[in-house]
Chemist: 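One structure coming up, written as structure tokens, with questions to follow.
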Amino acid sequence: MTATQQENIKPHIGEGIYLVKDVSQILNLDYELCRRWILGYWDSSLKENFSYVFGEKRNRAINFYSLIEFYTFYKLREKGIGATAIRKLHEDLSINFKTPYPFAFAYDYYIESRKQKKFVIIDIIDGLLKNDGKKKLYLKFYLDEFLEKVEFGDNNVAKRFFPLGKDKNVVVDPKHQFGQPIVEGTNIKTQTIYSLHNGGETNENICILYDLTENQVQDAINFHRKSA
């Protein structure tokens, strides 16, 4: 393993740390499915040139960008696209756009010519490239529902994730609480609110204790109920 790869497998401040149980909860996906895909795909199929998973074998973890990529992978699989085709697409995009996290980008690029090898993206998946004079990459076409939950930064890289949608008050921000779900606009973990709720505290009292609105408290509770 090279020094670069060794550095890649370490968690970095501001990029979040997500165990399998966190991935399952945040993305509202089956735990065993998340575990199988993280260990069998992210930790093996994609690790030849870059390590996407870190931690002990029994407690493997990923960062925020891999969290977004993992859900992109899930949504494409949900559309019936094979893992091999998705891996090939991931490799091609990673090379073309010079990033280890191509599924965590908001693409708005045009491919002018297949003859320009620098920009060639093979037609692995029908529909991802649309012929309309120019060839535009249409990952968004497949991921509309998901993209409504992702906030992208100025560099088009995923910045924050809203597991209940952007109209709710729960956000996953890798720069706060190591990426654990928080009440938007605060640094309060939703788990804290949910634990108080389960302990018998009324929503009204929680609002007073943490200076939150009733909607903020209810959204935090609903998030954990949904993922329970």
Chemist: For Ala158 versus Phe64, what's the shortest heavy-atom pair and its separation?
Modeler: O-CE2, 3.6 Å

Chemist: To the closest 0.5 Å, what do you measure between NZ (Lys149) and CZ (Phe161)?
Modeler: 5.5 Å

Chemist: Between CH2 of Trp37 and CZ of Phe70, what distance do you get to the nearest 0.5 Å?
Modeler: 6.0 Å

Chemist: Can you list every salt bridge (charged side-chain N to carboxylate O under 4.0 Å, His left out) pair that touches residues 152-165, not counting sequence neighbours?
Modeler: Glu151-Arg160, Arg160-Glu184

Chemist: Is the shortest heavy-atom distance from the side chain of Asn63 to the side chain of Leu67 under 4.5 Å?
Modeler: no

Chemist: Do you know the tightest heavy-atom contact between Pro100 and Ser94?
Modeler: CA-OG, 3.9 Å

Chemist: What's the verdict on side chain to side chain contact (heavy atoms under 4.5 Å, CB included) for Val23 and Tyr31, showing C-alpha distance, side-chain angles and the deciding distance?
Modeler: CA-CA 8 Å; Val23 176; Tyr31 174 88; over 6 Å; no

Chemist: One pair to check against side chain to side chain contact (heavy atoms under 4.5 Å, CB included): His197 and Gln218. What are the steps and the verdict?
Modeler: CA-CA 10 Å; His197 169 75; Gln218 193 59 54; over 6 Å; no

Chemist: First locate atom OG1 of Thr99, then atom CG of Asn155, and finally report the distance between them rounded to the nearest 0.5 Å.
Modeler: 9.5 Å

Chemist: For Thr190 and Ile182, indicate whether the former's side chain and the latter's backbone hold a donor-acceptor pair under 3.5 Å.
Modeler: no

Chemist: Which heavy atom of Ile26 sits nearest to which heavy atom of Phe223, and what is that distance?
Modeler: CA-CZ, 4.2 Å

Chemist: Atom CD1 in Ile86, atom CZ in Arg77: separation rounded to 0.5 Å?
Modeler: 6.0 Å

Chemist: Go through the steps to decide whether Tyr18 and Ser66 satisfy the test side chain to side chain contact (heavy atoms under 4.5 Å, CB included), and finish with yes or no.
Modeler: CA-CA 9 Å; Tyr18 305 94; Ser66 287; over 6 Å; no

Chemist: May I ask you to decide if Thr192's main-chain N or O and Ser195's side chain share a donor-acceptor pair within less than 3.5 Å?
Modeler: no

Chemist: State whether a side-chain donor-acceptor pair under 3.5 Å links Glu78 with Tyr74.
Modeler: yes

Chemist: Please check this pair: side chain of Glu148 against backbone of Gly165, looking for a donor-acceptor N/O pair closer than 3.5 Å.
Modeler: no

Chemist: Kindly say whether Val20 contributes a backbone atom to a donor-acceptor pair with the side chain of Ser24 at under 3.5 angstrom?
Modeler: no

Chemist: Begin with the C-alpha distance, continue with both residues' side-chain angles, and end with the deciding distance and a verdict on side chain to side chain contact (heavy atoms under 4.5 Å, CB included) for Tyr210 and Val217.
Modeler: CA-CA 9 Å; Tyr210 286 93; Val217 171; over 6 Å; no

Chemist: Are side-chain N/O atoms of Gln216 and Asn169 paired as donor and acceptor at under 3.5 Å?
Modeler: no

Chemist: Please list all pairs meeting salt bridge (charged side-chain N to carboxylate O under 4.0 Å, His left out) that have one or both residues in residues 164-182, counting only residues at least two apart or in different chains.
Modeler: none

Chemist: If I compare all heavy atoms of Tyr71 with all of Leu29, which pair ends up nearest, and what's the gap?
Modeler: CD1-CD1, 4.1 Å

Chemist: Show every salt bridge (charged side-chain N to carboxylate O under 4.0 Å, His left out) that has at least one partner inside residues 16-25, sequence neighbours left out.
Modeler: none

